[in-house]
Amino acid sequence: MKVEQWALLVPKKKGEEARQQLISKGLLDTSLKPFVEGDDIFFPLTGSGEGGLRASFEGHEKDLSPTARHELVGGIAVMQENDRVAAEALLASRPGIHTVLATTSDVQGEYRTREFEVLAGVPTTRTLVLEYGHRFTVDLSEAYFSPRLATERQRVLHQMGEQETVLDMFAGVGPFAITMSKFARLVVSSDINPAAVILMKENCLDNRCSNVMPVLADSARLSKILPWKFDRVVMNLPHHAPQFLEEAFRLCRPGGTIHCYALVSSAGEYLDKICTFQPSAVREHTVRSYSPGKWHTVYDITA
Ligand code: SAM
């Protein structure tokens, strides 16, 4: 049965980029199948698109209840609800899914991880994520990973010059570091979570990144152990990154760039704090909506 839904129409060659952007903004209706017509691809949207276009889509899962809405991370579907019947139906309907999990906690603690219950399929929280030609092995209960940041990683990559030295202060399993290694001379990729650093090392090997240096460290102390000043510093710890700005400015060369991620309730919330370090320039860019009244934002700072 076909369902009429709001749609976004993009040229086929821009399809993957558009898909990643829609996922990162939570705008892709994952219960319906995109379809191709001529040189264009139609994506189903969760709300009304800018152009007000409607189209008819096939459903992915014909008999699933609305509670089967989920986020896909590689071969794992993460559901908000603990609904085993919907989880089994979801597993049966999608050959690419090996496991269905329910979250049993919020993202929490210093390592920014969540707890899960296995609802269906292989009892694991480990999976392989493909993102813009890279392969990331992730373990959702051991180390943070979000596919919603794929577009943001590309945005930062395309700001880079050639042969930059980069520091990723809160690197997790390495998705920013490995993405940026494409244009970098060296990427130092640091995290305080040993499990994340082990996965990061595996991911560097898997993606043949010989210019990424994994480091297990508290980023508050990095300037004491690293002898370099970097062209670019990434601070992707939205709950606390602004607290580490002093260390980031110590580690960034004058004229270099710091990408400081933060959760904000209003535009410009951290500008006063950033300006105490006398940057040459600051631009603020919204990454996505985080929760009602809160945004995940990034300050692109020229040191
Ligand atoms: N950048 C990665 C990504 O995009 O998937 C991970 C981001 S996650 C939001 C933040 C990471 O910071 C976690 O992996 C956590 O272990 C790490 N972290 C938290 N406090 C830290 C600290 N003081 N020093 C180094 N890493 C820290």
Side-chain angles (χ1 to χ4, degrees), residues 20 23-24 71 73-74 76 78 105-115 125-132 134-157 166-181 184 187-204 206-207 209 212-226 230 232-248 250-251 258-264 287-288 290-291 294-298:
Q20 295 284 355
I23 291 171
S24 69
E71 177 176 41
V73 186
I76 295 180
V78 180
S105 79
D106 288 333
V107 176
Q108 60 190 9
E110 193 171 39
Y111 298 167
R112 310 306 301 148
T113 48
R114 281 186 293 181
E115 288 170 4
T125 49
R126 191 178 166 110
T127 191
L128 177 69
V129 177
L130 304 179
E131 184 183 294
Y132 285 96
H134 292 299
R135 298 160 56 84
F136 302 132
T137 296
V138 306
D139 189 326
L140 298 177
S141 61
E142 296 277 321
Y144 177 94
F145 179 83
S146 172
R148 295 185 186 188
L149 294 175
T151 312
E152 177 57 19
R153 295 190 251 280
Q154 293 297 310
R155 188 189 74 87
V156 171
L157 173 70
V166 177
L167 171 63
D168 187 351
M169 291 175 79
F170 308 103
V173 304
F176 269 97
I178 289 168
T179 300
M180 295 172 80
S181 71
V187 185
V188 175
S189 182
S190 176
D191 203 282
I192 202 166
N193 175 358
V197 177
I198 289 169
L199 285 163
M200 187 199 300
K201 263 185 77 179
E202 281 179 30
N203 288 330
C204 288
D206 203 13
N207 290 282
C209 291
V212 177
M213 181 197 283
V215 173
L216 175 62
D218 180 344
S219 283
R221 305 174 59 80
L222 281 176
S223 66
K224 297 195 173 62
I225 55 173
L226 296 175
F230 293 84
R232 196 172 292 273
V233 177
V234 178
M235 308 174 71
N236 180 26
L237 179 63
H239 283 77
H240 302 294
Q243 294 167 21
F244 293 80
L245 272 170
E246 193 172 347
E247 190 66 355
R250 267 190 215 116
L251 288 155
I258 299 170
H259 302 281
C260 179
Y261 292 83
L263 292 181
V264 299
V287 179
R288 65 187 177 99
Y290 182 78
S291 58
K294 283 239 174 220
W295 288 268
H296 187 176
T297 206
V298 54

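For ligands, and for the atoms within them, numbers begin at 1 and follow the listed sequence. Please read all numbers here as calculations on a predicted model, not as lab measurements. One is the number of the first residue; the rest follow in order along the sequence.
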Enquirer: Looking only at heavy atoms of Ala171, does any of them come nearer than 4.0 Å to an atom of ligand 1?
Expert: yes
Enquirer: Just need the protein heavy atom nearest to atom 19 (C) of ligand 1, so name the residue and atom and give the distance.
Expert: Glu110 O, 3.1 Å
Enquirer: Assign the ring pair Tyr290 / His239 to parallel, tilted or perpendicular, where the plane angle (0 to 90°) is split at 30° and 60°.
Expert: perpendicular
Enquirer: Aromatic contact between Tyr144 and Phe170, with the criterion being ring centroids under 6.0 Å apart: yes or no?
Expert: no
Enquirer: Could you tell me which atoms of ligand 1, counted from 1 in the order shown, lie closer than 4.0 angstrom to a heavy atom of Asn193?
Expert: 16 (O)
Enquirer: So which heavy atom in the protein is nearest atom 24 (N) of ligand 1, and how far is it from that ligand atom?
Expert: Ser219 N, 2.8 Å
Enquirer: Mark up the atoms of ligand 1 that fall under 4.0 Å of a heavy atom belonging to Leu237, in ascending order.
Expert: 10 (C), 12 (O), 19 (C), 20 (N)
Enquirer: For a quick test of reading the model, state the closest non-hydrogen atom pair linking Ile178 to Cys209 and the distance between them.
Expert: CG2-SG, 3.8 Å
Enquirer: When you measure from the heavy atoms of Tyr261 to every atom of ligand 1, does any distance fall below 4.0 Å?
Expert: no
Enquirer: Indicate the atoms forming the closest heavy-atom contact of Ile23 with Arg148, along with that distance.
Expert: O-CG, 4.0 Å
Enquirer: Quick one: nearest non-hydrogen protein atom to atom 17 (C) of ligand 1, plus distance?
Expert: Asp191 OD2, 3.2 Å
Enquirer: Checking the side chain of Ser190 only, and the main-chain atoms of Leu216 only, is there a donor and an acceptor separated by less than 3.5 Å?
Expert: no
Enquirer: In terms of atom number and element, which parts of ligand 1 are under 4.0 angstrom from non-hydrogen atoms of Arg153?
Expert: 4 (O)
Enquirer: Side chain of Ser141, backbone of Glu115: donor and acceptor closer than 3.5 Å?
Expert: no
Enquirer: If only atom types and distance count, is the side chain of Glu131 paired as donor or acceptor with the main-chain N or O of Phe136 below 3.5 Å?
Expert: no
Enquirer: Considering non-hydrogen atoms of the protein only, which is the closest contact for atom 1 (N) of ligand 1, and what is the distance?
Expert: Phe170 O, 2.8 Å
Enquirer: With atoms numbered from 1 as shown, which atoms in ligand 1 lie under 4.0 angstrom from a non-hydrogen atom of Gly172?
Expert: 2 (C), 6 (C), 14 (O)
Enquirer: Determine whether any heavy atom of Pro175 lies closer than 4.0 Å to an atom of ligand 1.
Expert: yes
Enquirer: If you count the atoms of ligand 1 from 1 in the order shown, which ones are under 4.0 Å from a heavy atom of Phe244?
Expert: 23 (N)
Enquirer: Which of the numbered atoms in ligand 1 are below 4.0 angstrom from a heavy atom of Met169?
Expert: 25 (C), 26 (N)
Enquirer: Please check: side-chain N/O of Ser223 versus main-chain N/O of Arg250, any donor-acceptor pairing under 3.5 Å?
Expert: no
Enquirer: Measuring from non-hydrogen atoms of His240 to any atom of ligand 1, is the shortest distance under 4.0 Å?
Expert: no
Enquirer: Got the closest protein heavy atom to atom 26 (N) of ligand 1, with its distance?
Expert: Ile192 N, 3.2 Å
Enquirer: Set out, in order, the CA-CA distance, both residues' side-chain angles and the distance that settles side-chain contact (heavy atoms from CB on, under 4.5 Å) for His134 and Asn203, then state yes or no.
Expert: CA-CA 9 Å; His134 292 299; Asn203 288 330; over 6 Å; no
Enquirer: Is Ala217 in contact with ligand 1, taking contact as a heavy-atom separation below 4.0 Å?
Expert: yes
Enquirer: With a 3.5 Å cut-off and sequence neighbours excluded, list the donor-acceptor pairs that the side chains of residues 192-200 form with protein atoms.
Expert:
from	atom 1	to	atom 2	distance (Å)
Asn193	OD1	Ala195	N	2.9
Asn193	ND2	Glu142	O	2.8

Enquirer: In the protein, which heavy atom is nearest to atom 4 (O) of ligand 1, and how far is it?
Expert: Asn236 ND2, 2.9 Å
Enquirer: Nearest non-hydrogen contact with atom 22 (C) of ligand 1 belongs to which option: Val197, Asp218, Val173?
Expert: Asp218
Enquirer: Parallel, tilted or perpendicular: which one describes the rings of Tyr261 and Phe176, with boundaries at 30° and 60°?
Expert: tilted
